[in-house]
Amino acid sequence: MEWDRKNDYENYLHVWEGFSPDNQRRADFPRQVHGREFSGRSLAEGRQANFFGADFGFANDPSTLVRSFMYDNRLYVEYEAFGHGVELDELPALYDSVPLSRSWPIKADCSRPETISYLAKRKGFNISAAEKWQGSIEDGIAYLKSFDKIVIHPRCRHTAEEFKLYSYKVDPKTNEVLPIIVDKYNHGIDAIRYSLDGYITQAGLDEFIRLGRG
């Protein structure tokens with residue numbers, strides 16, 4: 001609560017003081033996001049692979065690792081690790097707090113190749129960079145919205161908060177909602193996008209190939 005009050009007052013007012021967010025600018029996830037307990041073991045026979053995604057912190061932004069899986073056109077967010085002010089040599093301990101993080105591939109933000117190299121070559125994680133392209137954020141959001149539901153386990157409270165607060169920019173003069181994502185409340189969501197590297201593809205390229213031009 002105190003961290004939010006000092007560093008992210010909008011989130012403080014919403015989460016701790018009960019003020020309602022401006023729903024007009026939200027990214028329309030609430031219709032499909034559900035917070036409830038579930039057992040990954042009970043879904044083991046029908047689930048696909050575990051997906052691990054990492055976003056690296058900078059300044060006040062947290063470092064994150066999120067684990068999820070797909071089942072019956074639903075995305076289940078099962079574990080998360082969020083840490084503020086995490087130093088490079090502290091990242092392995094943060095990642096180890098998420099079960100199986102050393103057993104499955106991790107996809108991470110490609111803007112930090114030196115951090116990826118450190119974690120892979122010196123700390124033994126199977127981590128590599130997720131692909132980015134012009135419009136990759138929008139393509140990722142469209143892919144997440146394609147699930148029938150996104151189910152978030154209660155222990156993933158930071159990720160759940162982000163899905164509630166993820167929003168678009170608003171023109172200050174016209175109050176019109178713009179098709180530009182605000183670079184806030186996105187560190188767990190970005191980690192999820194990175195984890196689905198290969199599933200999330202370039203919309204323009206897919207259309208190019210569909211028309212037989214690729």
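At distances below 3.5 Å, not a single donor-acceptor pair connects side-chain atoms of Glu78 with backbone N or O atoms of Ser68. Remark: the backbone N or O of Phe56 is not paired with any side-chain donor or acceptor of Ser63 at under 3.5 angstrom. Side chain of Glu162 to backbone of His187: a donor-acceptor contact under 3.5 angstrom is found.
Taking the six-membered ring for Trp and thresholds of 30 and 60 degrees, Phe69 and Phe38 have ring planes more than 60 degrees apart, a perpendicular arrangement.
Side-chain atoms of His153 and Thr159, non-hydrogen and from C-beta on, never get closer than 4.5 Å to each other. For the pair Lys107/Ser128, a side-chain contact is recorded, criterion being any heavy-atom separation below 4.5 Å from C-beta on. A heavy-atom distance below 4.5 Å is not found between the side chains of Ile141 and Glu138. Within the 4.5 Å cutoff, the side chain of Tyr199 has heavy atoms near those of the Phe51 side chain. Counting only heavy atoms from C-beta outward, the side chains of Ile189 and Leu144 approach each other to under 4.5 Å.
By the ring-ring contact (aromatic ring centres under 6.0 Å, His included) test, Tyr95 pairs with Phe125, sequence neighbours left out.
Surrounding CD of Gln134 are at most 12 heavy atoms belonging to other residues, nucleotides or ligands under 6.0 Å away.
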Contacts table for residues 115-123: side-chain donor-acceptor under 3.5 angstrom, sequence neighbours left out:
residue	atom	partner	partner atom	Å
Thr115	OG1	Arg112	NE	3.3
Thr115	OG1	Arg112	NH2	3.4

